[in-house]
Amino acid sequence: TAEAFLAEGHTVIGTTQTGEADLSHPHLTVFQLDLAESESMDACVKEISEMGKGIDVLINNAGVLLDEEETQVVEEKLRKTLEVNLIGTISFTERVIRFMTSGGHIVNISSAAGSLSLPATHDHLPYHYPSYKISKAALNMYTRTLAGRLQGSVLVSSIHPGWVRTEMGGDEAPISAEQAASS
């Protein structure tokens, strides 16, 4: 997605847990961000603020899958999953909303795993990874409440890009990262 925005001539601010990325471009700035650490979020927001630019599009893409083989909720894994996939995402978003431009767009990357309307064993979604599913369902509700709050100034949406071949999605996933970014 960053490559697609850069190819269109946009300035991209990216974040990684290390502050480093495999991608390099004159219009790309990468900051360190750990959504499980409040101090990390504060430092990242300070750096964004110092750039003096508004944010047209915020894509909340960070996420963890800690209970891939679990069929029951394991409290420790649930807490860690919610800390990144939900609480950290909300906390960071709330910190940067002030930089959003009027008419901007906040996109939360969700998953069919967080859908309440699909059967529990839909496609590749068996009764596994309950903490991840819970986190994505909750993220969808945050999207709805934030959309209502920002209605008329910033568009807020959740998208499910599909099962994507990434480090988390694995090699079996049918969709490439390039395909997901272009849809």
Side-chain angles (χ1 to χ4, degrees), residues 1-2 4-5 12-21 28-49 51 53-68 70 73-101 104-116 125 129-151 153-164 166-169 177 180-181 183:
T1 305
F5 280 120
V12 175
I13 300 170
T15 63
T16 66
Q17 284 187 304
T18 63
E20 299 175 8
L28 172 67
T29 303
V30 179
F31 295 126
Q32 188 276 331
L33 176 63
D34 183 340
L35 290 178
E37 299 292 332
S38 185
E39 299 81 18
S40 176
M41 287 186 267
D42 289 340
C44 183
V45 170
K46 183 177 185 276
E47 290 177 310
I48 291 169
S49 173
M51 290 184 73
K53 298 181 181 221
I55 299 173
D56 297 319
V57 179
L58 172 65
I59 300 175
N60 288 315
N61 190 44
V64 295
L65 173 60
L66 304 177
D67 62 344
E68 187 170 13
E70 305 291 344
V73 173
V74 176
E75 185 177 340
E76 180 181 331
K77 290 180 181 182
L78 175 63
R79 287 181 186 281
K80 288 180 179 179
T81 301
L82 291 175
E83 189 64 42
V84 173
N85 295 5
L86 179 66
I87 297 165
T89 298
I90 291 171
S91 185
F92 184 73
T93 301
E94 294 294 330
R95 284 170 160 93
V96 298
I97 283 176
R98 62 188 165 129
F99 304 119
M100 294 298 302
T101 58
H105 192 173
I106 297 172
V107 180
N108 294 321
I109 304 300
S110 190
S111 171
S115 173
L116 296 177
L125 304 175
Y129 47 92
S131 296
Y132 180 80
K133 290 177 178 183
I134 291 166
S135 74
K136 291 302 183 176
L139 181 64
N140 290 340
M141 186 50 69
Y142 172 64
T143 300
R144 284 185 90 177
T145 59
L146 185 61
R149 188 174 104 209
L150 300 179
Q151 187 174 5
S153 61
V154 175
L155 179 65
V156 184
S157 58
S158 281
I159 63 166
H160 162 55
W163 186 18
V164 182
T166 62
E167 189 176 317
M168 183 187 294
S183 54

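For Ser38 and Arg95, the side-chain atoms include at least one donor-acceptor pair closer than 3.5 Å. Side chains of Glu70 and Tyr132: no donor on one and acceptor on the other come within 3.5 Å. Side-chain contact check for Ser110 and Ser158: no donor-acceptor pair (N or O, by modelled atom type) lies under 3.5 Å.
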- So Val45 and Phe99, side chain to side chain contact (heavy atoms under 4.5 Å, CB included) or not? Walk me through it. CA-CA 10 Å; Val45 170; Phe99 304 119; 3.8 Å; yes
- Would Thr93 and Ile106 count as a side chain to side chain contact (heavy atoms under 4.5 Å, CB included) if you check the C-alpha gap in whole Å, the side-chain angles of each, and the deciding distance to 0.1 Å? CA-CA 9 Å; Thr93 301; Ile106 297 172; 4.1 Å; yes
- Test side chain to side chain contact (heavy atoms under 4.5 Å, CB included) applied to Lys46 and Phe31, step by step: CA-CA 11 Å; Lys46 183 177 185 276; Phe31 295 126; over 6 Å; no
- Query: Is there a side chain to side chain contact (heavy atoms under 4.5 Å, CB included) between Met41 and Ser91 once you walk through the steps?
  - Reply: CA-CA 8 Å; Met41 287 186 267; Ser91 185; 3.8 Å; yes
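Between Asn85 and Ser135, the shortest heavy-atom distance links the atoms ND2-OG, 3.0 Å. Smallest separation of non-hydrogen atoms from Ser40 and Gln32: OG-OE1, 3.1 Å. The shortest non-hydrogen separation linking Val84 to Thr89 is O-OG1, 3.2 Å. When every heavy atom of Leu139 is checked against every heavy atom of Leu86, the shortest pair comes out as N-CD1, 3.7 Å. Across Lys80 and Leu66, no two heavy atoms sit closer than the pair CB-CD1, 3.5 Å. Among all heavy-atom pairs drawn from Asp56 and Met100, the shortest one is O-CE, 3.8 Å.
The number of heavy-atom neighbours closer than 6.0 Å to CE of Met141, taken from other residues, nucleotides and ligands shown, is 12 or below.
Using a 4.0 Å cut-off between charged nitrogen and carboxylate oxygen, Arg79 and Glu83 do not count as a salt-bridge pair. The pair Glu68-Lys77 fails the salt-bridge criterion, with no side-chain N (NZ, NE, NH1 or NH2) lying under 4.0 Å from an Asp/Glu carboxylate O.
Residues Thr101 and Ile55 form no side-chain contact, since every pair of their non-hydrogen atoms from C-beta on lies 4.5 Å or further apart.
Residue Glu20 holds its CD atom at 7.0 Å from OG1 of Thr16, rounded to the nearest 0.5 Å. Here the straight-line distance linking atom CG of Leu35 with atom OG1 of Thr15 works out to 7.0 Å at 0.5 Å rounding. Rounding to the nearest 0.5 Å places CD of Glu94 at 3.5 Å from OH of Tyr142. We find the OG1-CG distance between Thr81 and Leu65 to be 7.5 Å, quoted to the nearest 0.5 Å. Between the CD1 atom of Ile13 and the CG atom of Leu33 there is a distance of 12.0 Å, given to the nearest 0.5 Å. With rounding to the nearest 0.5 angstrom, the CD1 atom of Ile59 is 10.5 Å from the CG atom of Asn108.
Phe92 is linked by a ring-ring contact (aromatic ring centres under 6.0 Å, His included) to nothing, counting only residues two or more places apart in sequence or in another chain.
Put simply, the side chain of Asp67 gets close to the backbone of Ser131: a donor and an acceptor are under 3.5 Å apart.
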